[in-house]
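I have placed the structure first, in the form of structure tokens, so that the comments after it can refer back to it.
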Amino acid sequence: MLPQSESDAHVGTQFPPDMHDARHLWLKAGLLLVWALGTFGVCWFVRDLTWGFGQWQFGYWMAAQGAVLMFIVIVWVYCAAMNHFERQDDLHEHRAAASGDE
């Protein structure tokens, strides 16, 4: 019996193993921790963050502007790391194909 649609063909199958690679999970966990500390940690301790950053106190600057910039940096780091991981995987696949181990 043929599947009715493309989505029916994948019912019950797992994601490819590279989607759950340990390095991807560690990257996501690390960036999630940075996000949580940057968002909730700074807001929780904003009164203790009294050192100056330009004309403003660091707590004020981080709550007003820094969180947005931090999110942009997190997205950039994620993209750069995933690009690096994909290049590593492609290099390993190319070497495996060249040596005939595939």
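Checking side-chain atoms of Ser99 against main-chain N and O of Ala96 turns up a donor-acceptor pair under 3.5 Å.
Here CE of Met82 is found 6.5 Å from NZ of Lys28. Values are rounded to the nearest 0.5 Å.
Using cut-offs of 30° and 60° on the angle between ring planes, the pair Phe71 and Trp35 is tilted.
Here Gln88 pairs with Arg23, His84 under the side-chain hydrogen bond (donor to acceptor under 3.5 Å, both in side chains) rule; sequence neighbours left out.
Of all non-hydrogen atoms in His24 and Phe85, the two that sit nearest each other are CD2-CD1, 3.3 Å.
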Could you go through residues 72-81 and list every donor-acceptor pair under 3.5 Å that involves a side-chain atom there, pairing it with any protein atom two or more places apart or in another chain?
none

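If you chain together ILVMFWY residues whose side-chain heavy atoms come under 4.5 Å of each other, Leu37 ends up grouped with Leu33.
Tracing side-chain contacts under 4.5 Å through hydrophobic residues (I, L, V, M, F, W, Y), one never reaches Trp26 starting from Val34; they form parts of separate clusters.
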